[in-house]
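Just so it is clear, the structure is predicted and the values come from calculations on it, not from any experiment. Values below: every heavy atom of this structure, side chains too, minus hydrogens, waters and symmetry copies. In what follows, chains are A, B, ... by sequence order, proteins preceding strands, each numbered from 1.
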Protein chains: 2
Amino acid sequence: MAARAGVSRQTVSNVLNSPEVVRPATRNRVQLAIDELGYRPHASARRLRTRQSSTIGIRLDPVAGGISGSILDRYLHALVAHADGRSMRITLFTASDPADEIAHYARLRDGADIDGVVVTATQYDDPRIEWLARERMPFVAFGRPWGAERADDPDRLWVDVDGRAGVRAATEHLIGRGLTRIGFLGWPAGSGTGDDRRSGWEAAMVTAFGLGASALAELTIEATEGVPNARIAVERLLASGAGLDALVCASDALGLGAMMAVREAGHPHFPVIGFDNTPVAKAVGLSSVDQRLDVVARATLELLMGPEGTRVLPHGSAAADAAHRLITPQLIVRRSSHLAPVEEAGGSKAFDHNEREQEE
Amino acid sequence: MAARAGVSRQTVSNVLNSPEVVRPATRNRVQLAIDELGYRPHASARRLRTRQSSTIGIRLDPVAGGISGSILDRYLHALVAHADGRSMRITLFTASDPADEIAHYARLRDGADIDGVVVTATQYDDPRIEWLARERMPFVAFGRPWGAERADDPDRLWVDVDGRAGVRAATEHLIGRGLTRIGFLGWPAGSGTGDDRRSGWEAAMVTAFGLGASALAELTIEATEGVPNARIAVERLLASGAGLDALVCASDALGLGAMMAVREAGHPHFPVIGFDNTPVAKAVGLSSVDQRLDVVARATLELLMGPEGTRVLPHGSAAADAAHRLITPQLIVRRSSHLAPVEEAGGSKAFDHNEREQEE
DNA sequence: ACCCGTTCTTTGATCGTTCAAACTACTCTC
DNA sequence: GAGAGTAGTTTGAACGATCAAAGAACGGGT
């Protein structure tokens, strides 16, 4: 015990946890002894006494096949960095299905291993979220609850990226460059995220050109996620001779597939924009919409722990207007959308000037 | 306390930790009470008493730019899964540079937050490894210590992937298909990993065709990591009219760039093979060498905790022959290397039959 | 019956912290 | 100058598990 500074253990504890109650002179003396002896409180002892693990659990996805796998990765990185700033730690687990994941939640909570969880890859009527809410366990979902259900229930915290706004910005960027027949390559209707993104394109096209439903449908292509699917779909489209000026895509995988198809078909300047700003998009020069995962991660912790707090808030303590956060993403313009013969619109879009740096 | 089964706390503890010392009848009775009450030991209390955190720390890289970023991700996933099987948890941290990373090690160790660490992205004379060895903190490096230094020091545990063997297998696969002028697209000489991979190609070429140094040099292309760099280098090569039959590459990024260049130059069947088997390779049908990160992760824990153990072994307790593990990777053959007009060699190489499944 | 060795179970002590209450020293008030 | 109030510090207890040693139960041999 570092009571070598001639004070009691409790005073040491106070210096570390509530410095303001300790007289400055004493505080300095203790601090000096701490530095000198290199004393660090024993984390487990503290956690035992305070009944707080200061740890947040998150499931590490089994690398979701596609190239967008790195989204979670980047989000996780930002989350860990911000958590560190709040003296929180992140612990990982893996699960094979939602039921398994719930079992992990229960196990980790019962063992006082975690104070709360971050839920990713949310689905319609997600059983995990229902369970967490029922058990009154603190959590934040990355992903809105799609569908009619309680998206504004203050007991179900969530953060999400405003895909609609992002795709709208991408579309308007192309419109601003003088293009008119801008297609949308998205997933089959029915996925919340996909429909949301498409709605951004739709809004931009309707606003700019007043298109009707049939015109919009004509400009829409569907492909399930994956580079080859997109490639095939776009090849087919090109073969059918549909006159398109550009493509906005629901993901970088779709964007990459589209780009490969149009380039091979001999259109080196045909503009394509993806979504997610994955490393691959950067690598191949594909314009894309960046989710600003750093901002999302910060918002996640703000919901879970309050704006400045250093501990996880109890379930159900959020104000109605502080229970959800929708982050506006940012368009990153690269070669794939400004190589073209069309004049540069000179807008205020972000440019990616680092395009070649820091490849490892 | 679950002494509701009519026994003392210690007996409950024994049922959980050393069931063999408890009489079966008692054990069953206690187990029943445990299940019934849903009792879980308080992890922090146990950790305080046993002076073991049962936690391994690992740094989460700031997403290393390139498309190979997902390597750590997949390794991490496997590591977490295996750790769970040994009742271990993984905790993450981020660091801006080696010194910062070392500071994290010290902090986490002094706070009894971790029992050991896994070190990734190792370099020549890695300061982190020197520090860990000096402090006698348990650790395993993912990556051999390149250079002359003590690669066989039993105090410096490491696992790595045998890049040489992987590239050799890839090259031999092409040779088996009747190709002869097989080039190697690699990073500039001087990186341990890169030189190791090139040596596999060299070995295969020398064995098959008895090439000399100048012939080998003629077939070697250099590009720094990154899709565009590879693309440019290969475009240049094609323009210069060097007659090549196929390309083996040091990474998927190089492979992807090469593939884009040869496809655009009108060679849809020119075989290309990458390395790392990233999701992107899978997505675009690029043959690649898979690092078998699951095996690497298992080996990591075996070095850190012994073949079956459930706790981290003290530093320096490894036998000389159990301190390092070199994992042989596996060639995954896809369209990029077997579309060709050349006859299929009918070898025993692994095929990737899942190519389109489970894209999210 | 008695003692003895085994096998199984219980009892105190302890890990290192923080909580809650008690104590000390000092200042202020009337 | 006695009592009340306040700021700073110390003391005992507790968090919930495991360790080490002591105690109880049970057969078996003499």
Just the table, please: protein N/O against nucleotides 5-8 of chain D N/O, every pair under 3.5 Å.
unit_1: D:dG8; atom_1: O3'; unit_2: A:Arg23; atom_2: NE; d: 3.4

* side-chain hydrogen bond (donor to acceptor under 3.5 Å, both in side chains) contacts touching residues 90-112 of chain B (sequence neighbours left out) ->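 Those involving residues 90-112 of chain B are A:Asp84-B:Arg107, A:Arg89-B:Thr91, B:Arg59-B:Glu101, B:Ser96-B:Asp100, B:Glu101-B:Tyr105, B:Glu101-B:Arg128, B:His104-B:Arg107, B:Arg109-B:Glu135.
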* Taking side-chain hydrogen bond (donor to acceptor under 3.5 Å, both in side chains) as the test, write out the residues that go with A:Asn14, two or more places apart. =>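 Per chain and number, A:Asn14 pairs via side-chain hydrogen bond (donor to acceptor under 3.5 Å, both in side chains) with A:Gln10.
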* List for me each residue that meets side-chain hydrogen bond (donor to acceptor under 3.5 Å, both in side chains) alongside B:Arg46, sequence neighbours excluded, and say none if there are none. =>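 For B:Arg46 the side-chain hydrogen bond (donor to acceptor under 3.5 Å, both in side chains) partners, ignoring immediate neighbours, are B:Asn17.
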* **Residue list, ring-ring contact (aromatic ring centres under 6.0 Å, His included) with B:Phe139, at least two apart or on another chain** =>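 If we apply the ring-ring contact (aromatic ring centres under 6.0 Å, His included) test to B:Phe139, skipping adjacent residues, there are no hits.
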* End-to-end axis angle, where each axis spans five pairs of the helix from C:dA1-D:dT30 to C:dC30-D:dG1, to 10° ->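 That helix has its two terminal axes inclined by roughly 60°.
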Residues in salt bridge (charged side-chain N to carboxylate O under 4.0 Å, His left out) with [X], at least two apart?
X: B:Arg325; value: B:Glu302
X: B:Asp115; value: none
X: B:Arg298; value: B:Asp294

* Among pairs that include at least one residue of residues 10-29 of chain A, which meet salt bridge (charged side-chain N to carboxylate O under 4.0 Å, His left out), considering only residues two or more places apart or in two chains? ->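 Counting only pairs at least two positions apart or across chains, no salt bridge (charged side-chain N to carboxylate O under 4.0 Å, His left out) contact touches residues 10-29 of chain A.
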* Tell me the salt bridge (charged side-chain N to carboxylate O under 4.0 Å, His left out) pairs involving residues 305-315 of chain B, sequence neighbours left out? ->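 Those involving residues 305-315 of chain B do not exist here.
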What nitrogen or oxygen pairs link the protein and nucleotides 11-14 of chain D at under 3.5 Å?
unit_1: D:dG12; atom_1: N7; unit_2: A:Arg9; atom_2: NH2; d: 2.8
unit_1: D:dG12; atom_1: O6; unit_2: A:Arg9; atom_2: NH2; d: 2.6
unit_1: D:dA13; atom_1: N6; unit_2: A:Arg9; atom_2: NH2; d: 3.0
unit_1: D:dA14; atom_1: N3; unit_2: A:Arg49; atom_2: NH1; d: 2.8

